[in-house]
Amino acid sequence: MSTIADRLIEDEGLRRGVSRLTPEKIEKVFKELIAGECGARLKTYVESCVRCGMCAKACHYYMSHKDPSYTPVAKVSQTMWRLLAAGGRVEPQVIYECAQVAYTECNLCRRCIHYCPLGIDTGYIISVVRRLCHKLGVTPQYIQDTAHSHSAVLNQMWVKDDEWPDTLQWQEEEAREEFPGLRIPLDVEGADFMYSVIAPEPKFRTQLIYQAAAIFNAAGLNWTMPATPGWDNSNMAMFTGDSEIMSRVERAHYETAQRLRVKRIVMGECGHAFRAVYDVANRWLGWKWHPVPVVHSVEFFWELIQQGRIKITHKYADPVTIHDPCNIIRGRGLMDKLREVTHFLCENVVEMSPNREHNYCCCAGGGVINCGPPFKNVRIVGNSIKAEQLRATGVHTLVAPCHNCHGGLEDIISKFGLGMHTKFLGDLIYELMEKPEAE
């Protein structure tokens, strides 16, 4: 069995961070973290884990490498259990090793919960390790740059204040050539919902904003998008362990929706963003519940189909398979609604095995893809089991309602020569729905 020390990858952010540390500083910060932010939950997991290893087959890294050091229990043993045993007094190099495990060899997919006989949430434990690394200033360079972007401009891609409304106007003008009268309404008070997206959409995937506007227009919906910062629903600070920036970003998101007095927030097809807005930030901010109701686009599209607002001219003919994004399936239970929407749109749906809450992670979530080039091969090779799972379906179209999943799956498809292509639900709805030209 190898150890993390046998496979360390050089990262400037990690190396620079540990260069400033001493065992005394690590011990002080660790003890403050355990005493101040960790309570019965961590203590229960520490005292309950019997190191049985039944979590092994849950992890795509272990299933791909078949190396016991990649099992969830081994990752915890090499990080949190190691730190606890030493009372937090370790050499700086140990923190480097903990950071690589926590940021790049665990996607926080939480699949292991379903295999642990005691229900231990390894993802939570690894999140605490990330929190420690953040407080020590030891985070991978690329994802830290993204967290800085959130801090500076409240979005993931350094999109400037004037670039955002300009992009929406551009997409509106493009869409009106196909849908006369279509508007992308900005800052409309009292709309039924505020539509929010992640920053890569205006930066790289503007067609998704175009498609969403086309769908909402065809469905006759009363909606709006914000014109000011607070529009980005992504949050990489959640994954660096920077809970302060994470909560500030999500507070701005909710306050934007409150300023517009919308009835709810509808989020685009992104899993990690949904987790940040729906599940994590509200608790860090001390809110009992969300100040504005939140719904993921999978559930929203399902509602529109149930109401007869989405009308299609035909079904997608080629066989498709469904990828289950961790944060909306294991994290929200949308597996049935995802399948109902996909079956409504597609003639032939071939399920992966396993599927639903037991589906394998894309290996891009949990901020891992944002750790950048130094670790790209780690996550791709560490998910060869997903490539086997995809290949076994025999199909060429993969439905994945999550941005990070698209990034991770496309890397896997390319690496292993699977000859597949990925689609969002919005891609399919736009392709199949009734359009003015057909009337």
Side-chain angles (χ1 to χ4, degrees), residues 154-155 157 159-234 252-270 273 277 292-313 401 403 424-439:
L154 290 179
N155 71 74
M157 290 286 173
V159 176
K160 297 177 182 177
D161 289 359
D162 60 336
E163 293 174 340
W164 165 246
D166 283 352
T167 300
L168 297 184
Q169 183 178 4
W170 163 43
Q171 287 307 295
E172 178 181 279
E173 291 170 355
E174 291 277 323
R176 288 179 70 147
E177 294 181 11
E178 185 177 15
F179 302 93
L182 178 146
R183 298 297 304 272
I184 297 181
L186 287 181
D187 267 15
V188 175
E189 292 191 16
D192 288 337
F193 68 93
M194 180 183 87
Y195 184 60
S196 69
V197 299
I198 66 171
E201 290 199 19
K203 198 77 171 181
F204 304 118
R205 294 191 170 189
T206 50
Q207 80 278 6
L208 298 178
I209 298 174
Y210 179 121
Q211 291 173 1
I215 294 166
F216 300 158
N217 177 72
L221 304 179
N222 175 23
W223 65 294
T224 191
M225 296 185 85
T228 58
W231 54 266
D232 179 19
N233 61 33
S234 65
H253 195 68
Y254 276 117
E255 288 179 347
T256 299
Q258 290 175 301
R259 174 178 64 80
L260 294 175
R261 298 187 297 109
V262 296
K263 295 181 177 65
R264 60 180 176 170
I265 298 169
V266 172
M267 301 184 64
E269 295 182 59
C270 181
V277 177
V292 179
V294 183
V295 62
H296 188 270
S297 53
V298 166
E299 189 167 8
F300 189 65
F301 289 147
W302 179 85
E303 289 179 6
L304 296 182
I305 289 169
Q306 298 303 305
Q307 296 165 5
R309 288 180 174 269
I310 291 179
K311 296 179 173 59
I312 60 175
T313 59
H403 277 273
F424 291 98
L425 290 175
D427 291 329
L428 289 170
I429 295 171
Y430 171 77
E431 179 181 338
L432 303 170
M433 72 184 212
E434 293 181 353
K435 298 183 175 70
E437 295 82 356
E439 293 179 354

Hey, is Glu189 close enough to Lys263 for a salt bridge, meaning N to O under 4.0 Å? no
State plainly whether the residues Asp192 and Arg264 are in salt-bridge range, i.e. N to O under 4.0 Å. no
Backbone N or O of [Y] within a donor-acceptor pair of the [X] side chain at under 3.5 Å?
X: Thr206; Y: Pro202; result: no
X: Ser234; Y: Ile198; result: no
X: Thr313; Y: Leu432; result: yes
X: Tyr254; Y: Val277; result: yes
X: Asp232; Y: Ala199; result: yes

Rounded at 0.5 Å granularity, tell me how far [atom1] in [X] sits from [atom2] in [Y].
X: Ile310; Y: Glu434; atom1: CD1; atom2: CD; value: 11.5 Å
X: Met194; Y: Asn233; atom1: CE; atom2: CG; value: 8.0 Å
X: Leu182; Y: Glu174; atom1: CG; atom2: CD; value: 12.0 Å
X: Glu172; Y: Glu177; atom1: CD; atom2: CD; value: 12.0 Å
X: Lys311; Y: Leu304; atom1: NZ; atom2: CG; value: 10.5 Å
X: Asp166; Y: Gln171; atom1: CG; atom2: CD; value: 12.0 Å

So which heavy atom on [X] is nearest to which on [Y], and how close?
X: Ile215; Y: Gly426; value: CD1-O, 4.0 Å
X: Gly220; Y: Arg309; value: O-NH1, 3.8 Å
X: Met433; Y: Ala214; value: CE-O, 3.5 Å
X: Glu201; Y: Val197; value: OE1-CG1, 3.4 Å
X: Ala252; Y: Leu154; value: CB-CD1, 3.9 Å

Start with the C-alpha gap between His403 and Leu208, add the side-chain angles, then the distance that decides, and say whether side chain to side chain contact (heavy atoms under 4.5 Å, CB included) holds. CA-CA 11 Å; His403 277 273; Leu208 298 178; 3.4 Å; yes
Parallel, tilted or perpendicular: which fits the ring planes of Trp164 and Trp231, with parallel below 30° and perpendicular above 60°? parallel
Taking the six-membered ring for Trp, are Tyr195 and Phe216 parallel (under 30°), tilted (30 to 60°) or perpendicular (over 60°)? perpendicular
Side chains of [X] and [Y] in contact at under 4.5 Å (non-hydrogen atoms):
X: Ile209; Y: Leu168; result: yes
X: Leu260; Y: Pro226; result: yes
X: Leu186; Y: Pro165; result: yes
X: Pro185; Y: Met225; result: no
X: Asp187; Y: Arg259; result: yes
X: Ile184; Y: Trp223; result: yes

For residues 208-222, which residue pairs pass the side chain to side chain donor-acceptor pair (under 3.5 Å) check, not counting sequence neighbours?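 Residue pairs with at least one partner in residues 208-222: Glu178-Tyr210, Gln211-Asp427.
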Evaluation steps, side chain to side chain contact (heavy atoms under 4.5 Å, CB included), between Val295 and Ile265: CA-CA 6 Å; Val295 62; Ile265 298 169; over 6 Å; no
Could you walk me through whether Glu269 and Phe301 pass side chain to side chain contact (heavy atoms under 4.5 Å, CB included), step by step? CA-CA 11 Å; Glu269 295 182 59; Phe301 289 147; 3.7 Å; yes
Side chain to side chain contact (heavy atoms under 4.5 Å, CB included) for Ser297 and Met267? Distances and angles first, verdict last. CA-CA 6 Å; Ser297 53; Met267 301 184 64; over 6 Å; no
